[in-house]
Amino acid sequence: MVKILLEITASGVWSKVWTIAVALLFFGVIIMIHEFGHFICAKLCKVKVNEFSIGMGPAVFKKKKGETTYAVRCLPIGGYVSMEGEDENSTDERAFNNKPLLQRILIVAAGAIMNLILGVIIMAVLLSTTKDLIGTNTIHSFYDGATSVNYGLQTGDKIVKIDGHKVFSERDLSFLMGRSQDGVIDFTVERNGEKVELNDVKFQTTEQNGVTLITYDFIIVGEKPTFKNVVKNSFTQSASIARLVWLSLFDIVTGRYGASELAGPVGTVDIIADVTAAAATDRNMDNLLFIMALITINLGVANLLPLPALDGGRLFFLIIEAIRRKPINPKYEGYVHAAGLALLMLLMVFVTYNDIVRIIRS
């Protein structure tokens, strides 16, 4: 009996360890792709790169090759590319601060761009390998007892807007409709070649843990994957995810969702680990690929936010420089980024604490 219990315990521990290891690997790859974008663009622009680091904190591996030190650090919560003249003025002609403005903008934006490109590629793999049909935004039919059909929706309607937001792909249907708090939604549909406005379309709702859930009462048209619709949907579904990030941030700022619902690195790794375990059990990689696309696009979009210490904050200062036709004093810009980094670290501690509490309670 003791032997059996030990085997069960060991099996349970191993199943958790390997899924977390895979999650850390995937998360690390996403971070590496982001930092590689900065790195390769800096090299192409002939900027001196002092260090390329994956992870934060003390280094567990370091190797210098040429002028650049390559490092892997113990905390898998980020990474960085340290360039000469990035945070201070340098007289080195290869320093970041001495490069043309357009090159500096491209170097700063390259990390987020790489994440977005990776998201499109993962989405293309997902769509081309799935056993399911690719969803569209056209209504095929309605379930028995559907409420929305009584408010104007019809079979064959192509949904082009929901509550004023353009529908890029079928993922927008659930994303945008799910934001409704009362199940009453405005639609713009394309019907017989004409656009028709349908206001106050009502859906049945249920309450679960204080959250209003909408009953989706129609079925959409599905298409078999082809080269053409896979390429098209790779971009449109990625655009849907990117906008979801912005809308979610807006909902948090406006108080619709609490900051406690944010997930940090620990929560992200836990989610990936759970999805990885499910994928291994079901032998279906669809959900894992989608989560990976969601995370990398999320990282790309979030990094473009005009906040200090993020790539978007640096882009903001570069845009100001373009308008003023002269750079802002690096000393003052450094103060802003330092303050932003301190606040970012505090936010990281907060979301990590929430992640741990959420995991313990689950």
Side-chain angles (χ1 to χ4, degrees), residues 13-14 16-45 47-87 94 96 107-119 121-122 263-277 288-289 291-300 302-303 309-311 314 337-338 340-342 344-349 351-353 355-356 359:
V13 170
W14 169 244
K16 194 66 177 177
V17 168
W18 83 262
T19 54
I20 290 176
V22 171
L24 288 172
L25 176 64
F26 279 142
F27 198 52
V29 167
I30 290 173
I31 294 171
M32 185 174 69
I33 290 293
H34 178 93
E35 298 304 334
F36 181 75
H38 294 307
F39 174 78
I40 194 64
C41 194
K43 288 291 189 181
L44 289 173
C45 294
V47 173
K48 182 181 178 183
V49 179
N50 296 322
E51 183 173 342
F52 178 94
S53 180
I54 300 300
M56 307 292 282
V60 294
F61 169 82
K62 262 189 177 185
K63 184 176 181 180
K64 189 166 185 177
K65 187 175 180 181
E67 65 186 17
T68 305
T69 298
Y70 298 87
V72 176
R73 299 181 179 275
C74 63
L75 300 176
I77 57 173
Y80 60 87
V81 172
S82 176
M83 295 173 283
E84 182 73 20
E86 182 181 4
D87 297 312
R94 295 179 57 218
F96 176 82
I107 292 169
V108 171
I113 291 172
M114 285 293 284
N115 281 131
L116 297 175
I117 292 173
L118 177 62
I121 292 172
I122 293 174
V266 173
T268 302
V269 168
D270 186 61
I271 292 169
I272 298 174
D274 288 343
V275 176
T276 300
L288 181 58
L289 287 172
I291 288 292
M292 296 305 299
L294 180 66
I295 291 172
T296 188
I297 293 172
N298 190 306
L299 182 62
N303 261 279
L310 297 180
D311 294 339
R314 294 186 179 275
H337 288 310
L341 181 60
L344 188 62
M345 289 299 101
L346 287 174
L347 178 61
M348 192 70 70
V349 170
V351 296
T352 300
Y353 170 79
D355 287 343
I356 294 172
I359 292 170

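Only heavy atoms go into these numbers, but all of them, side chains included; no hydrogens, no water, no symmetry mates.
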Could you walk me through whether Lys48 and Glu86 satisfy the side chain to side chain contact (heavy atoms under 4.5 Å, CB included) test, starting with their C-alpha distance in whole Å, then the side-chain angles of each, then the deciding distance to 0.1 Å, before giving a yes or no? CA-CA 10 Å; Lys48 182 181 178 183; Glu86 182 181 4; over 6 Å; no

For residues Phe61 and Ile54, determine if any side-chain heavy atom of one lies less than 4.5 Å from a side-chain heavy atom of the other. no

With side chain to side chain contact (heavy atoms under 4.5 Å, CB included) as the test, would you mind laying out the steps for Thr68 and Asn50 before giving the verdict? CA-CA 5 Å; Thr68 305; Asn50 296 322; over 6 Å; no

Enter the distance from Ile297:CD1 to Met292:CE here, rounded to the nearest 0.5 Å. 11.5 Å

Looking only at non-hydrogen atoms, find the nearest pair between Met83 and Ala42 and report the distance. SD-CB, 3.8 Å

For Gly37 and Ala110, work out which heavy atoms get closest and say how close. O-CB, 3.2 Å

Reported CG-to-CG distance for the pair Leu294 and Leu299, which is rounded to 0.5 angstrom: 11.5 Å

Which heavy atom of Lys65 sits nearest to which heavy atom of Tyr70, and what is that distance? CB-CE1, 3.8 Å

Side chains of Thr296 and Ile33 in contact at under 4.5 Å (non-hydrogen atoms): no

Nearest atoms (heavy-atom pairs only) where Leu310 meets Asn303: CB-O, 4.0 Å

For Gly79 and Ile31, which heavy atoms make the closest approach, and how far apart are they? N-CG2, 4.0 Å

With a 4.5 Å heavy-atom cut-off, do Met114 and Phe39 have their side chains touching? no

Side chains of Asp311 and His38, heavy atoms from C-beta outward: is any pair under 4.5 Å? yes

Closest non-hydrogen contact found for Ser53 with Glu35 is O-CG, 4.3 Å

